[in-house]
Asks: 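Structure below; questions to follow.
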Amino acid sequence: MIGIVVVSHSAALAEAALGLALEMVHGERPRIALAAGTPDGGFGTDAARVAEAIVEVAGDDGVLVLMDLGSAVMSAELAVELLDEPAPRVELSSAPFVEGLVAAVVTAAGGGSLDAVRAEAEGASAAKREHLGDDGDDAAPAPTAAPGTDGDVVTAEVVIVNPVGLHARPAAELAGLLGRLDADVRLANASSGAGPVPGASVLGIISLGVQQGETLRITATGAQARDAVDAVLSAARAGFGELGDGDTESG
């Protein structure tokens, strides 16, 4: 599992953003370190502290660094130069700070590689842009892809029972679940026609806009395709942990 470093001018901001991201993770969490604010509690960033944070969370799978603004970026760049050899693989991400951190933590917890986590974080504004109808040339597209073609294709549909649909928390639960399986899973909103999107992408799932009573279509290939589909059906019927025992229903 990769490590994540959060660089911010404000310790309070970094802690709050991380707290939100961790609310989306219910299993093993990635290693995460904060490098935020000055030692006396003021606003600012410190390259030496960023370098220490990178070393603190570094492992064989690499480290993703997310920054808020301005000199935080320069501090992160300098921190990479300060690392002793052999230095771990470190990627600095241009992802939006809050949405990117949520996407990175969920994807990393699901076992995503450093490249996959960075890509997911840097596409983090896509769902918001699509919802607001911002289709400017600089808008990042929502993550989409065709189903895989290797192995048998397993498909199923389930009606979403969550009162407010597949919002951030159940989407994170679903993405984390699928990220741990050896299967290429695509999800689509069969009611609206949105998708397909990668099943391990929390932001992609949110972009489907699946509401209560709408149908989620699941398409899976790979060694654990059947397991993945069964897991989605089971989790969906249970409301992704959001419903009480008396609120579940079959889909």
Asks: Should we say atom CD of Q212 is surrounded by more than 12 heavy atoms from elsewhere, each under 6.0 Å from it?
Replies: yes

Asks: Quick check: does any side chain N or O of R29 sit under 3.5 Å from a backbone N or O of A108, one acting as donor and the other as acceptor?
Replies: no

Asks: Answer with yes or no whether the hydrophobic clustering places V25 together with V63; edges join I, L, V, M, F, W, Y residues whose side-chain heavy atoms lie under 4.5 Å apart.
Replies: no

Asks: E122 side chain to S94 main-chain N or O, any donor-acceptor pair under 3.5 Å?
Replies: yes

Asks: So, do R186 and P198 sit near enough that their side-chain heavy atoms are less than 4.5 Å apart?
Replies: yes

Asks: Determine, step by step, whether D115 and R89 satisfy the salt bridge (charged side-chain N to carboxylate O under 4.0 Å, His left out) criterion, reporting the C-alpha distance in whole Å, the side-chain angles of both residues, the deciding distance to 0.1 Å, and the verdict.
Replies: CA-CA 11 Å; D115 289 337; R89 181 186 172 194; 2.5 Å; yes

Asks: L114 vs L64, test: side chain to side chain contact (heavy atoms under 4.5 Å, CB included). Steps then yes/no.
Replies: CA-CA 7 Å; L114 181 55; L64 185 69; 3.8 Å; yes

Asks: Could you pull out the closest heavy-atom pair between T38 and G42, with the gap in Å?
Replies: OG1-N, 2.8 Å

Asks: Working note: V73 + L92, criterion side chain to side chain contact (heavy atoms under 4.5 Å, CB included); need CA distance, chi angles, decisive distance, verdict.
Replies: CA-CA 8 Å; V73 178; L92 307 184; 5.8 Å; no

Asks: For L83 versus A51, what's the shortest heavy-atom pair and its separation?
Replies: CD2-O, 3.8 Å

Asks: Side chain of R237, backbone of V161: donor and acceptor closer than 3.5 Å?
Replies: no

Asks: Is it possible for you to say whether L66 and L20 belong to one hydrophobic cluster, with membership spreading through side-chain heavy-atom contacts below 4.5 Å?
Replies: yes

Asks: Checking the side chain of Q211 only, and the main-chain atoms of G209 only, is there a donor and an acceptor separated by less than 3.5 Å?
Replies: yes

Asks: Compare all side-chain heavy atoms of V153 with those of T219 and state whether any distance is below 4.5 angstrom.
Replies: yes

Asks: So, for I160 and G165, which heavy atoms are closest and what is the spacing to 0.1 Å?
Replies: CG2-CA, 4.2 Å

Asks: To the nearest 0.5 Å, tell me how far R49 CZ sits from S75 OG.
Replies: 12.5 Å

Asks: Please check this pair: side chain of D68 against backbone of H9, looking for a donor-acceptor N/O pair closer than 3.5 Å.
Replies: yes

Asks: With a 4.5 Å cut-off on side-chain heavy atoms, are V197 and S207 touching?
Replies: yes

Asks: Within the structure provided, determine whether V57 and I4 are in side-chain contact (heavy-atom separation under 4.5 Å).
Replies: no

Asks: Enter the distance from D61:CG to S113:OG here, rounded to the nearest 0.5 Å.
Replies: 8.5 Å

Asks: For S234 and D230, indicate whether the former's side chain and the latter's backbone hold a donor-acceptor pair under 3.5 Å.
Replies: no

Asks: With no hydrogens and no angle check, is any side-chain donor or acceptor of R31 less than 3.5 Å from a backbone partner on M1?
Replies: yes

Asks: Mind checking whether L233 and L208 sit in one hydrophobic cluster, side chains of I, L, V, M, F, W, Y counted as touching below 4.5 Å?
Replies: yes

Asks: Find the distance between OG1 (T45) and CE (M74) and round it off to the nearest 0.5 Å.
Replies: 7.5 Å

Asks: Minimum heavy-atom separation for E120 to G204, with atom names?
Replies: OE2-N, 4.4 Å

Asks: How close do A14 and V6 get, heavy atom to heavy atom, and via which atoms?
Replies: CB-CG1, 4.1 Å

Asks: So how far is it from L18 CG to E23 CD, rounded to the nearest 0.5 Å?
Replies: 10.5 Å

Asks: Could you tell me the separation between the CD atom of Q224 and the CZ atom of R180, rounded to the nearest 0.5 Å?
Replies: 11.5 Å

Asks: Check the hydrophobic clustering (I, L, V, M, F, W, Y; side-chain heavy atoms under 4.5 Å; chains of links allowed) and say if V229 and V185 are grouped together.
Replies: yes

Asks: Kindly work out whether a path of hydrophobic side-chain contacts (I/L/V/M/F/W/Y, heavy atoms less than 4.5 Å apart) joins L22 to L203.
Replies: yes

Asks: Counting distance only, does the side-chain N/O of S191 pair as donor-acceptor with the main-chain N or O of T215 below 3.5 Å?
Replies: yes

Asks: How long is the straight-line distance from CD of E173 back to CG of N162, given to the nearest 0.5 Å?
Replies: 10.5 Å

Asks: If you take all heavy atoms of P96 and A121, which pair is closest and at what distance?
Replies: CD-O, 3.8 Å

Asks: If we check side-chain contact (heavy atoms from CB on, under 4.5 Å) with L166, which of these qualifies: N189, L216, V202, L187?
Replies: L216

Asks: Are side-chain heavy atoms of M24 and V105 found at a separation under 4.5 Å?
Replies: no

